[in-house]
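When a ligand or atom number is given, it counts from 1 through the structure's own listing order.
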Amino acid sequence: MSLIETARAVRENAYAPYSKFKVGAAVQAASGTVYVGCNVENVAYPEGTCAEAGAIAAMIAGGDTQIAAVAVIADSPQPVSPCGGCRQKIAEFADGEVVVTLATTDGTVLKTTVGKLLPGGFDADYMSRV
Ligand code: THU
């Protein structure tokens with residue numbers, strides 16, 4: 001199954017009763033293992049988590065730390081756009097050249113990269129002030 005089809009399948013499990021906007025994400029680690037996540041909303045709105053965050057949490061829990069590819073899918077008019085926080089979360093574990101496939105459920109696909117999604121992201125270099 002392609003990464004986007006894997007994301008499409010996990011999207012079915014999304015819990016999005018407030019926004020009604022279900023999102024599925026799949027992350028392939030450098031090891032080859034694929035991890036999935038879906039958005040999980042909460043009645044206290046800020047406590048919800050994005051699909052990408054779920055997939056990355058599963059990856060870290062699974063013992064992988066390097067992202068090789070990302071796919072995200074939603075029932076949106078344009079390929080779904082990851083939020084700023086998720087762009088930073090992806091960038092923590094992926095090189096700028098890593099391909100991010102963004103899709104709509106009706107088949108529109110946009111391929112971009114981590115670097116294009118987060119130019120000038122907050123970098124680990126900023127933290128080396130000892
Ligand atoms: N959402 C994601 O899970 N990933 C994205 O890339 C865009 C937005 C979720 C967050 C919230 O549950 C719902 O979609 C509406 O913003």
Side-chain angles (χ1 to χ4, degrees):
M1 202 189 297
S2 72
L3 207 56
I4 204 70
E5 290 310 313
T6 302
R8 183 192 294 272
V10 72
R11 179 181 168 273
E12 297 296 323
N13 296 338
Y15 178 77
Y18 307 107
S19 73
K20 316 269 193 252
F21 190 74
K22 291 182 158 201
V23 186
V27 164
Q28 181 153 39
S31 66
T33 304
V34 172
Y35 298 93
V36 297
C38 56
N39 54 333
V40 181
E41 296 183 350
N42 191 281
V43 66
Y45 290 176
E47 303 305 327
T49 51
C50 290
E52 297 91 324
I56 290 168
M59 182 190 80
I60 296 301
D64 276 301
T65 55
Q66 198 62 38
I67 294 175
V70 181
V72 191
I73 189 166
D75 181 7
S76 45
Q78 306 292 333
V80 60
S81 178
C83 76
C86 283
R87 292 173 195 225
Q88 190 75 52
K89 289 181 182 75
I90 294 167
E92 182 78 18
F93 303 107
D95 293 336
E97 303 73 41
V98 165
V99 173
V100 181
T101 304
L102 304 171
T104 67
T105 50
D106 64 6
T108 305
V109 174
L110 171 72
K111 282 188 184 290
T112 184
T113 65
V114 172
K116 283 183 188 154
L117 284 174
L118 189 68
F122 189 76
D123 192 84
D125 289 347
Y126 291 108
M127 302 304 289
S128 43
R129 292 179 179 162
V130 284

S.K.: Starting from atom 2 (C) of ligand 1, which protein heavy atom do you reach first, and at what distance in Å?
M.R.: Val23 CG2, 3.5 Å

S.K.: If you scan the protein for heavy atoms around atom 16 (O) of ligand 1, do you find one that is closer than 4.0 Å?
M.R.: no

S.K.: Do side-chain atoms of Asp95 reach the backbone of Glu97 as a donor and acceptor pair under 3.5 angstrom?
M.R.: no

S.K.: In the hydrophobic cluster built from side-chain contacts under 4.5 Å, what are the other members alongside Val114?
M.R.: Phe21, Val23, Val27, Tyr35, Ile56, Met59, Ile60, Ile67, Val70, Val72, Val80, Ile90, Phe93, Val98, Val100, Leu102, Leu110, Leu117

S.K.: For a 4.5 angstrom cut-off between non-hydrogen side-chain atoms, does Cys38 reach Lys22?
M.R.: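 They are not in side-chain contact.
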
S.K.: Would you call Glu5-Arg8 a salt bridge at under 4.0 Å N-O?
M.R.: yes

S.K.: I'd like to check which ligand 1 atoms, numbered from 1 as shown, lie under 4.0 Å from a non-hydrogen atom of Ser19.
M.R.: 13 (C), 15 (C)

S.K.: Answer yes or no: is there a donor N or O on one side and an acceptor on the other, between the side chain of Lys116 and the main chain of Thr113, under 3.5 Å?
M.R.: no

S.K.: Which heavy atom of the protein is the closest neighbour of atom 10 (C) of ligand 1, given with residue, atom name and distance?
M.R.: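 The closest one turns out to be Cys50 SG, 3.9 Å.
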
S.K.: For atom 9 (C) of ligand 1, what is the nearest protein heavy atom, given as residue, atom name and distance?
M.R.: Asn39 ND2, 3.5 Å

S.K.: Is Ser81 near ligand 1, meaning one of its heavy atoms is under 4.0 Å from it?
M.R.: yes

S.K.: Considering only the protein, which heavy-atom contact is closest to atom 3 (O) of ligand 1, and what is its distance?
M.R.: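 Atom 3 (O) of ligand 1 sits closest to the protein heavy atom Ala51 N, 2.9 Å.
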
S.K.: Which atoms of ligand 1 sit under 4.0 Å from any heavy atom of Pro82?
M.R.: 6 (O)

S.K.: Is there a donor-acceptor pair under 3.5 Å between the side chain of Arg87 and the backbone N or O of Pro82?
M.R.: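 Yes; judged by distance alone, with no hydrogens or angles, the pair exists.
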
S.K.: Which of the atoms in ligand 1, numbered in the order shown and given with their element, are less than 4.0 Å from a heavy-atom of Glu52?
M.R.: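 Every atom of ligand 1 under 4.0 Å from some heavy atom of Glu52: 2 (C), 3 (O), 4 (N), 5 (C), 6 (O).
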
S.K.: Partners of Thr104 by side chain to side chain donor-acceptor pair (under 3.5 Å), sequence neighbours excluded?
M.R.: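 Testing Thr104 for side chain to side chain donor-acceptor pair (under 3.5 Å), a comparison that skips the adjacent residues, returns Asp106.
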
S.K.: So if I count the atoms of ligand 1 from 1 in the order they appear, which ones are less than 4.0 Å from some heavy atom of Glu41?
M.R.: 11 (C), 12 (O), 13 (C)

